[in-house]
Structures are given as C-alpha cells and as structure tokens.
Amino acid sequence: MNYQGTGRRSQALGTSWLPRSRHRQLEMGPLRSAGRTASHRNLQHLFLFLLFIGPFNCFASYSRATELFYSLNEGLPAGVLIGSLAQDLRLHGVAAEGPDPSGEPALSFSLASQGLGGQYVSLDNRSGELHTSALEIDREVLCLETGAGSPASLPAPSSEPCLLLLDVLVLPQEHFRLVKVKIAIRDVNDNAPRFPVPNMCLWVPENAPVDTRLAIEHPALDPDLGTNAVQTYRLQDDYGVFTLDVEENESGERTPYLIVMGALDREAREEYVTLIIAEDGGTPPLLGSATLTIGISDINDNCPQFSDSQLNVTVYGNSTAGTHVATIHAVDMDLGSNAQISYSYSQKVPQPSRDLFHLDESTGAIKLSSKIDGDAPRLHRLTILANGPGCIPAVITVLVSIIKVMLRPPEVVPRFIANEVEGVVYLKELEPVNTPIAFFTIKDPDEKYKVDCFLDGNGPFKLSPYKPYNNEYLLETTRPLDYEVQQLYEISVVAWNSEGFHVNKIIKVQVLDDNDNSPVFPQQLIELSIEENNAPNAFLTKLYATDADSGERGKVSYFLGPDAPSYFSLDKITGVLTVSTQLDREEKEKYRYTVKAIDSGLPPRESIATVTITVLDKNDNSPRFINKDFSFFVPENFPGFGEIGVISVTDADAGQNGWVALSVVNGSDIFVIDTGKGVLRAKVSLDREQQSSYVLSVEAVDGGDPALSSTAKITVLLLDINDNPPLVLFPQSNTSYLLVLPSTLPGSPITEVYAVDKDTGMNAVIAYSIIGRRGPRPESFRIDPKTGNITLEESLMQNDYGLYRLLVKVSDHGYPEPLHSTVMVNLFVNDTVSNESYIESLLRKEPDINIEEKEPQISIEPTHKKMESPSCVPTLVALSIISLGSITLVTGMGIYICLRKGKKHHRADENLEVQIPLNGRIDLHKLEKKPMEISNI
C-alpha cells in the first residue's frame, strides 16, 4: 500500500508536501541520549514484540508500508509545522485522543530511531504532527561536500536534493504502519560569496591593448544553489581603465575576467588597488569581496633625461688629485635593464679637459685626475651624454670654474695603527670588520675657521669622529677585505674649512694575500680519447688548474688519485698526463679516475677533477665465426628466400671496423646472405629429389681499411617431405584389361599393381588397397597390401562370368598427410574374348563404383609369413602299412623332404619383404613394366 496524503502547504513557513522523486539519501545514525523517557522505551519494547509476531501478520504489515514527502526551507525556527501524519495518512476518522465509546484504542505515533533526522524534528505522539525542533536546519552543513584541497575548504554545492529520512511507527496493532517520511530541505540565500584568498595580484603589461582579457584565478565560491549562487562580479573602483566580464563554462562555473578599457603607463602609475565584489542572485543579494592589486609591468618606452641642461661648479686651484668635482644624474622612468644609463664625454670636450677631469661612466661622478696646474684654463666646458638602451643620448653641460687659492689650507696629520710603509697601509684579507687603520688630526693654520673632515673614494672604509676629542678622526674597515676581489685601494681624507679651502690626504691600502682559495680546474670532468695500440709513454693531455692566491700559495702541483691505474703517470710540476703501456680497446674501452691539484699554502688546499679516457678503435681484429663449420637441416620445398639459418659472426672491433659483410664465395647463385642479420636464404625452393645437400663457403669481411676477413664452411642438408605421391608403373592404363579363365584355381595370382615413390623413408613406404569394386561377384579378388599382387580368393562359377573393375588405391605412409594415387584394374572372366570392341566400349564408360573408405593395413617391420609345410602323415601311414621294418628309413626321408619344402616357402616369404630405399635415386626406367594387355587369346 503506497498511500500519499495531500500534505499541508505553508508559504510563510516554507514547508510543503512533495511527491516521490529521485533523491540522495543521507545516513542517519542513531542519536544517543541518556534521558530517554519511559514511554519511548515501552514503545521500543512494543515494536520489538511486533517484529517478533510480524511473520504471522506479514501480509498486513507489508501492505501498510507508506511513504510521505514534505519540503521546507532551511533555517526555520523551532515549532514550525511540517505536516500532520494523521491527516496525510487519512487517519482522522480514528480516535486520536482516547478510546472511543466502542472501546477502540487511541492512535500513537513514534520515531523508530532517534537518528540524525530526529535531531531536527519533533513528533507529537498523539496528533502525529511534525514540527521543527530547536536545532536549526542548515542545508549546507547537512548535504554539501567539502571540496578537497580547496584553499578555504569551502563546501561545494550538490545538484541532488537534500533529504531528511524518518521512520515513524503508527500504533496500536489494528492500525500499525511503518511510515517512511522524507523531508526535502530547500535552499535559502543564507551564504554570502567568499573568495578563497583575501588578496589577489594580477600583472598587466603597460603596453597591453584595449580589450585585453585576463582571467582572475581565484573566483568567489558560494555554497548556495541556483540563483542564490554567485551571479556577477564588479570592481569597487575601475579607475576608468578596467572593467570585469564573467564567462560561464559547460559545467556552470563562472570565471571573472579583467578587461583593459584604456591606455596604461607604468611611469604614471605602476599599481592599482581596488576591491573585487562578487554578488549572488538572492533576494536581497549577498556580497563578498577581496582586495585586487593590479600591477603594471614595465617596457622600454622611456629614455634618460636630465633635470637641468647646465650645471655650474667651482674647484679651488689647490685641490689635489681625486677631488670630487660634481655628480651628474639622469633619470630613466623605466625599470631594471630598461633603465640602465652610462655617461660619456661628447666629442666636443677638448683633450686637456678630459685629462684633468675623470668621468665615471656608471655613477656620473666627476673627479680631478691630477693636481691643477697654475697655467691651466680657469673655465672648462664639459659636455656629457647620458646613454640609454635604444635611445638618443641626453645632453648636459657642466661649467667648471677654477678658483685661485691665496690662503693656507687646513692640515691633515695621520697616525697609523696598521702596518704602514711609505704611505702604504698593509692589511691582511679576511680581517674582521671595524679593524682600525689610522687616526687623523685636523688642524687649521689660521685657527679661525671651522674645519670639516670626510672620506673620499671607494672601498670598505669609513672615517668617523673619535669622541670626546675634537678634530680627531678614526679610519677603519666596514667589511672584510678580499685579495682576489681587489688588491689595492686608494682613498682620500679631505679637510674643508668654512672659507672653502680644503686639502686631501691620499692613503693607499694594500691587501695582503692569505691561502683562502683552493686550486680550480676549468672543468670538473676532463674527457680524453686515444687510439688503441698506442706507443709507450704516449701524451694524453696537460692538466691546468688556477689558484687565485698569490705567491707560493698559488703554486699548484698535480697528483693522480688512488683509483688511477698504475700505467698512467702525471708530472706534478707541468701537469702532463701520459700512459706508459699500450692500450687495447677490446680489453677495456673506458678509463675513469680522479686527479688532484694541491697548492703550496699552509695548510695546503686541494681540488679534485675526474678524467675519462676513451680508447678509440683500430681495425686489428678479423671477423670470427662462432663455428668453423655450420650445418643446417632444411625441409625440401622450403619457400624461396625463407630463413634457412643464422650465421653468427663477431668482430671485436667497434664502429665501421666492426661492421661485417657476409657473402657466398664458392660461385653458388642459389644462396644469398643478409649482411645485417647473417641470415642464409635460398633464392628458389629446394628439391631433395634433385639434390640432397649443398656445401657452401662463406666469407666475412669487416669495414676497416684495410679490411680483414675470414671464411667458414656451411653444409645445407635437405630433409625429405612427403611431396611425391606414388607413381603407378603397372598397369599403364585404366582401360587395359586381362582375361581370367573360369578354371583358375583359388589362390592363384592374376596380375599385380606396381608403383614407386621418389621420396625416402616412411614417405616412400607404399601400401595397396582396393577401394572400389564392380562385377558379378567383385569380392572374388583381393590384393596384397605390400606387394600389390591380385589373387583369386574363391572358385569362379558360371554366374561369375563378366567384366570386373577394381579401383586400387596406392598410398604412401608420409607425414603429416599421406599421398596416394589410384588405378583401375579391369578383369574379364570368360573362356574366350569373342567381342573385343564390346569390352572396350564398356571400359570407356565411367564405372559406377562405391568408394570404400577402409585404409590398407600394413606393418612397417619386415614380416615373415609362415607357410604350413605339407603334411607327411599320409606317407608315413602308407609306409608303415607296407613294411614295418622300413619305418625308420621312411620317416627320415619324410622329415628331410618336409624340411626342404619349408626352406623354399621361407625364402619365397622373404622375397615378399618390403624394401625401403633410404639413399640414392630410383631409376624409373629400370623399374618400368609393360602392362599385360590381352586382346586376342
């Protein structure tokens, strides 16, 4: 019984009754609670009792199984009516509050189990009304699957309906039903779109054309369904150059695309930051947002520019070499390699000005190259170019005015802490940071000007006031020095008073080397090659390793590693590598070992390289056959160009020297050899009956220069196969006949069938049988299966006269399929031949003969037919009657006669033995027999 109630519908509460449909079931586990009421336990006991007695009422119970479908919105408060089971099951006619006057018990409704569905609904036991419970229903928690591996583990919406499954028992027994209640949970727009990451970055080249589309890799996710899911995207601020578009793929996923709507310029603005907003289709719609950073990548669309076209500077006439004059600076709005600038003098600058002022092409710094001569011009016009990649140079003019100095400059008095010789300070490399070099005391001879002191020059040094003393400065290092990077530094301590007079004190710092570098091979893997059979002490290579250290610390010695064979030697001074013995590639083709380069420092440092030597091949090995004699057994009639056998030949040499060509050299034009595979083939099919074996001579020649060769003998033996059927030599015609007299005695030979077979062995063993007969009494004749002799079996009567036609099958014993021939033997039983033309006309007719399928039986082993000796008993009896005295003599003579006759029959039987020719050819002309054709008797 599948009764569906009308159900209740409430638009305000969002519940409705639904018909049966395809759905996805959720597993509703039991809800464990320690506070179950006694009524529930009684109902369960009653349910178990009903299940026990259920088999007796199985037909009634099964017929009352019912399904009810309801639907409601998610997120409803407690107490919302879902449906009335009593009304929807049309049980309102049955008393629900108590027994009626007739004594019928009241209805009772209960949940079969407190599973997952029971947590979200409450069931009135008397009225059967289902209401929502205090636990709010969330469709996304119940039915959505979490996307594995998603950045925020957001639930993925499912296209299948979300159902709550309940089993309700209706009691008492008279109204017992098991009601399957299915509640479909409808989606409401209770989830806002959310982006997997809060911040996204998208790069756009500044030369991107209008309408360029760029996909945003992290679209927003919304666990709601249908129109409640994400529908549109927009930008909070598009800056007038961007907009968004949405594309939907076949699976319904919407991907936002950023579209460029205007021209971009990284130099004007290199980054746009805005909010990307995702909006769903609910009422009202819900929003989600993330920060979208749009970066503009650079292209080379700008050239260097100076801020001014002219720069005026002054230099005092007493300035020393290295004095900083000015620094020019051009700006390129691009980035990276697009913004690299180099500075150079224009060709308009005269050579004296170039010699006096040094221009750093990288930094644009201008310094004095030497002391200013008193006769030097007082004004210098320096035209300087700023060069950028693919650009026209920018131009600036620097006007340098030299001021003649009349007052005394300040004095700089150095006091060296580090080792100093003739103005050169010596420092070891790898000295720690802040190593002190010297103190400098600054004095003003006029004692009325304020003097400032600073350090001019490049290098890891700094000059700082030494407090608490005035006019005292300490020169020290800022980082460890590296001899291999730079060995000498030249710095200048500049003292400048308030009147513009200054003095330079040049300090040279010489870096002393330490053994901090290991020798370095240009290549860690040194690959060499040499031909085999080399001369003793052959030169291989000269190893070379460099050491950045100086002096003895940079002197390198060379040694072989412990894995080097003893016949290799390495000169420790020159690094020359030689081999003292003759190498054989066939013995060993590759050598691999290590070499060491060790410097002379304390402690010494070393490095290791690997040497690989490949021994090159020379043609010093002849081809070698694996056998001097090859024998191949091939069945005759083997198809032309079939594979007879493989001739294996090797050459220990490699490459072209080891390439071997095979050829038949004894003039045979029947056989050919595949050079690549060594396969011997015959051009034509071979017939053992024509030639049973072939002896060939094969030559193997390698590809060396000069070439080496060797030969081998090949014997091809042909195995016989059953390819020749027996050839009937007698009778020669199916129309010949033989006259048989009626008086012929039984057992007499009549004629014979004679055949030969060109094959050998079992293929040439011949058996004869009669497979078809026609005549008055055709069974009167038999044929010997071994000899082919036809004999008369029974006496011929007057009714047996006439023409007998015997179809004789001559078959061999070949394998796998024996071959055969047939011949017709015609016998005419009569006293005479009165009408020869009549007989010939009968022979020309096609005989109607039934073919017998019985095969002839013949033993292959030689057999001896034991013929009975004539009995001597009658002779002995007669002799005994004539004379008892001569019994002994007569008996001896009888025995003698018997033995003689037995030997004759034994010899005749031996002549019947089948002879099987195993070798040699059969001369068919010698075996030819004429048929016995009798026409006139």
Side-chain angles (χ1 to χ4, degrees), residues 625-649 662-675 677-700 710-730 753-768 785-788 809-821 856 858-862 913-929:
F625 291 91
I626 61 171
N627 296 314
K628 278 298 181 182
D629 296 327
F630 292 85
S631 296
F632 300 109
F633 294 87
V634 183
E636 67 173 336
N637 301 331
F638 193 73
F641 292 98
E643 182 177 336
I644 295 175
V646 177
I647 302 171
S648 299
V649 60
L662 297 173
S663 60
V664 179
V665 295
N666 61 344
S668 174
D669 57 350
I670 299 178
F671 297 90
V672 294
I673 299 178
D674 289 350
T675 298
K677 300 181 180 178
V679 177
L680 179 65
R681 305 178 189 272
K683 297 180 181 178
V684 296
S685 179
L686 303 178
D687 190 355
R688 188 202 62 78
E689 284 72 27
Q690 294 181 4
Q691 187 172 340
S692 61
S693 64
Y694 297 84
V695 178
L696 310 175
S697 179
V698 175
E699 182 182 35
S710 60
T711 60
K713 176 184 175 183
I714 298 177
T715 303
V716 179
L717 300 173
L718 299 183
L719 302 177
D720 183 63
I721 64 172
N722 192 28
D723 60 339
N724 292 281
L727 177 63
V728 178
L729 301 180
F730 183 84
V753 177
Y754 183 74
V756 294
D757 197 317
K758 295 180 181 180
D759 297 322
T760 61
M762 293 299 298
N763 298 331
V765 176
I766 298 176
Y768 302 85
K786 293 188 293 182
T787 63
K809 178 181 179 181
V810 184
S811 62
D812 58 24
H813 283 68
Y815 180 83
E817 187 70 28
L819 304 178
H820 69 274
S821 301
I858 182 170
S859 176
I860 304 306
E861 294 293 330
E913 181 178 345
V914 177
Q915 299 296 327
I916 303 177
L918 298 178
N919 295 306
R921 298 170 61 87
I922 299 175
D923 192 349
L924 300 180
H925 299 287
K926 294 181 180 180
L927 297 177
E928 182 178 349
K929 290 188 178 181

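- You'll find the side chain of Ile670 reaches within 4.5 Å of the side chain of Leu686, heavy atoms only.
- Side-chain N or O atoms of Gln691 include one that pairs as donor or acceptor with a backbone N or O of Ser693 at under 3.5 Å.
- In plain terms, the two heavy atoms of Phe671 and Val716 that are nearest each other are CE2-CG2, 4.3 Å.
- Taken from CD1 in Ile714 to CG in Leu662, the straight-line distance is 8.0 Å, to the nearest 0.5 Å.
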Yes or no on side chain to side chain contact (heavy atoms under 4.5 Å, CB included) for Val646 and Lys677, after CA distance, side-chain angles and deciding distance?
CA-CA 7 Å; Val646 177; Lys677 300 181 180 178; over 6 Å; no
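- Looking only at distances, no side-chain donor or acceptor of His820 sits under 3.5 Å from a matching main-chain atom of Lys809.
- Taking Pro725 as the reference, Leu819, Ser821 meet the side-chain contact (heavy atoms from CB on, under 4.5 Å) condition, with sequence neighbours excluded.
- With sequence neighbours excluded, the residues forming a salt bridge (Lys or Arg N to Asp or Glu O under 4.0 Å) with Asp674 are Arg681, listed by chain and number.
- Rounding to the nearest 0.5 angstrom, the gap separating the CG atom in Leu696 from the OG atom in Ser663 is 11.5 Å.
- Heavy-atom minimum distance, Ile766 versus Ala755: CD1-O, 3.4 Å.
- When all heavy atoms of Thr711 and Phe625 are compared, the pair lying nearest together is C-CE1, 3.6 Å.
- Listed by chain and residue number, Glu689, Asp757, Lys758, Asp759 satisfy the side-chain contact (heavy atoms from CB on, under 4.5 Å) test with Asn724 (two or more places apart in sequence, or in another chain).
- Listed here is the closest heavy atom pair of Val672 and Phe641: CG2-CE2, 4.3 Å.
- Using a 4.5 Å cut-off on side-chain heavy atoms (C-beta onward), Tyr694 and Asn666 make no contact.
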Could you pull out all donor-acceptor pairs under 3.5 Å where a side-chain atom in residues 628-636 meets a protein atom, sequence neighbours excluded?
{"residue": "Glu636", "atom": "OE1", "partner": "Arg688", "partner atom": "N", "Å": "2.9"}
{"residue": "Glu636", "atom": "OE2", "partner": "Ile721", "partner atom": "N", "Å": "3.0"}

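- Considering every non-hydrogen atom in both Ala682 and Ile644, the closest pair reads N-CD1, 3.7 Å.
- Taking all atoms of both residues into account, the shortest heavy-atom contact from Ile647 to Leu680 is CD1-CB, 4.3 Å.
- For Asn637, the side chain to side chain donor-acceptor pair (under 3.5 Å) partners at least two apart in sequence or on another chain are Asp723.
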